[in-house]
Amino acid sequence: MKNKNFMFSSLFLALLIFPISSVFAEGKLEIRAISGFATNTTLTRTFEMFVEKINSDESSPIEINFIGGPEAMPPFQIGNAVKNGVVDMVLSTGAFYSNVMPAADALKLTNYSPQQLRAMGGWSKLQKIWKDEMNVHLLAFTNYGNQFHLYTNKLINSAQLDGQRLRVTPIYRPFFAKLGAAVVQTAPGEVYTALERGVVDGYGWTMQGIFDLGLHEQTKYRVDPGFYQAEVTVMVNQRKWGSLTSDQKKYLTDSAIWLESLNNENESINKIERKRQSEAGMEVIELQGDEREKYLAVARDAAWAEVMNNSKDVATKIKSIIE
Ligand code: 173
């Protein structure tokens with residue numbers, strides 16, 4: 001009798017001291033996620049749909065606790081955070097974690113869509129590389145179909161960027177520098193101020209998303225063609241991934257494939273974005289003929305040279321998969 005009372009009151013105490021969270025009560029595993037890009041923007045849109053889809057699904061074995069974007073953690077710290085398990089899941093581009101895995105930036109050079117990579121077996125090879133190099137499970141590839149562009153306030157009429165001072169990340173640095181530009185690295189959140197203060201004449205960004213940052217107010221020209229592929233992936237810390245049941249892994253993988261299917265909308269979103277930029281008064285500088293070819297060739301060659309120089313073995317493996 002005494003024992004039973006004791007057990008009862010201990011249980012009662014335990015409940016008082018350790019309130020069972022709703023996540024635990026539902027038997028769902030919590031995954032804490034951070035984004036390298038500002039939330040509620042074009043680049044995070046499909047990831048947010050993925051989080052929403054999972055969290056609103058009563059039968060989901062997972063709950064994603066989406067903590068936030070750069071206000072929660074500076075983008076260039078994301079790589080170490082997911083590698084070391086400080087966060088469980090991140091949405092990031094390779095350029096933000098070149099400090100941890102220099103060759104990751106090569107993914108922007110893919111000739112294949114995420115769907116094609118999966119169908120060819122290339123995705124699982126990439127997953128192995130990311131596991132070895134980053135200690136993560138490479139879960140999904142978002143934003144494919146959204147290319148990068150040079151935006152500038154200084155007119156150009158050839159594939160030459162002498163006299164231009166441009167804001168970059170590792171994505172564009174070797175390319176713009178090779179064409180003669182002076183380059184300055186900033187996080188996305190600092191581009192507007194850099195333009196406003198005249199610290200830079202232009203910047204690299206994707207086709208989509210300049211309105212999210214207000215950059216149209218500070219931009220005269222977009223240079224066409226676009227180059228590379230925006231590569232924004234979802235990665236899960238390897239130890240966290242290893243702790244999931246096979247059902248939980250399957251659920252997340254199926255959700256990732258759904259997330260990648262949303263990339264198919266990018267073609268129509270790009271059309272809308274072009275129209276919107278033109279309505280905002282931005283003009284297009286369209287490189288043609290030889291200049292266009294030179295521009296694209298330098299983009300590609302400079303990027304490969306950079307990743308090869310920084311991390312030859314890993315870059316060579318990635319190249320054999322994505323080219
Ligand atoms: O900050 C950037 O310009 C950058 O590196 C990037 C990467 C992917 C999508 C958009 C921007």
Side-chain angles (χ1 to χ4, degrees), residues 34-48 69-71 73-79 90-110 113-114 138 140-152 161 164-177 181 183-195 199-216 218-219 222-223 226-235 259-260 262-263 265-266 269-270 273 277 299 302-303 306-307 310 322:
I34 292 244
S35 161
F37 294 100
T39 52
N40 293 311
T41 61
T42 311
L43 295 172
T44 56
R45 187 184 64 93
T46 60
F47 177 71
E48 281 160 4
E71 75 288 354
M73 181 178 291
F76 296 108
Q77 288 177 20
I78 272 214
V90 295
L91 178 73
S92 180
T93 188
F96 293 164
Y97 59 92
S98 324
N99 56 334
V100 189
M101 181 179 168
D105 190 36
L107 209 48
K108 71 187 179 198
L109 292 152
T110 182
S113 69
L138 189 59
F141 185 156
T142 78
N143 277 277
Y144 179 88
N146 178 17
Q147 287 196 299
F148 295 100
H149 288 260
L150 165 61
Y151 295 87
T152 183
L161 299 175
Q164 300 257 351
R165 206 173 154 77
L166 302 174
R167 171 272 171 184
V168 296
T169 64
I171 298 257
Y172 333 90
R173 188 195 298 114
F175 171 34
F176 292 169
V183 293
V184 189
Q185 172 159 315
T186 84
E190 291 148 22
V191 184
Y192 187 97
T193 315
L195 288 162
V199 174
V200 295
D201 303 310
Y203 55 94
W205 196 256
T206 46
M207 182 65 228
Q208 301 171 21
I210 68 157
F211 292 91
D212 290 327
L213 302 169
L215 301 180
H216 60 292
Q218 303 286 343
T219 311
R222 182 187 72 244
V223 179
F227 49 90
Y228 312 144
Q229 285 293 335
E231 150 291 292
V232 182
T233 65
V234 182
M235 300 183 284
L259 170 58
E260 288 173 358
L262 302 176
N263 290 334
E265 294 170 9
N266 279 328
I269 298 174
N270 290 341
E273 199 77 8
Q277 289 186 5
E306 177 82 2
V307 285
N310 290 339
I322 64 173

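All ligand and atom numbering here is 1-based and tracks the order in the structure.
- Residues Gln164 and Thr152 bring a donor and an acceptor atom of their side chains to less than 3.5 Å of each other.
- Close contacts of ligand 1 with Thr206, meaning ligand atoms under 4.0 Å from a residue heavy atom, involve 9 (C), 10 (C).
- Note: Tyr144 and Phe141 have perpendicular aromatic rings, judged against thresholds of 30 and 60 degrees for the angle between ring planes.
- The CD atom of Glu231 lies 9.5 Å from the CG atom of Leu109; values are rounded to the nearest 0.5 Å.
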*asked:* Determine whether Glu260 and Thr142 satisfy the following criterion, side-chain contact (heavy atoms from CB on, under 4.5 Å), listing intermediate values before the conclusion.
replied: CA-CA 6 Å; Glu260 288 173 358; Thr142 78; 6.0 Å; no
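- Within the listing of ligand 1, atoms 7 (C), 8 (C) sit less than 4.0 angstrom from a heavy atom of Thr93.
- When heavy-atom distances to ligand 1 are checked against a 4.0 Å cut-off, Arg167 comes that close only through its side chain, counted from C-beta outward.
- Atoms of ligand 1 lying under 4.0 Å from at least one heavy atom of Tyr172, given by number and element, are 2 (C), 3 (O), 4 (C), 6 (C), 11 (C).
- Close contacts between ligand 1 and Trp205 involve ligand atoms 1 (O), 2 (C), 3 (O), 11 (C) [criterion: under 4.0 Å to a heavy atom].
- A salt bridge links Arg45 with Glu265: the distance from a Lys NZ or Arg NE/NH1/NH2 to an Asp or Glu carboxylate oxygen falls below 4.0 Å.
- Considering each of Leu43, Val232, Asp105, the one bringing a non-hydrogen atom nearest atom 10 (C) of ligand 1 is Leu43.
- Using the six-membered ring where Trp is involved, Phe148 and Tyr228 have ring planes that are perpendicular, over 60° apart on the 30 and 60° scheme.
- Scanning both residues, Ala303 and Lys108, for their nearest heavy atoms gives CB-CE, 3.8 Å.
- At a 3.5 angstrom cut-off on N or O pairs, Thr169 counts as close to ligand 1.
- By the criterion of a heavy-atom distance under 4.0 Å, neither the backbone nor the side chain of Tyr203 is placed next to ligand 1.
- For ligand 1, the atoms lying closer than 4.0 Å to a non-hydrogen atom of Gly204 are 3 (O).
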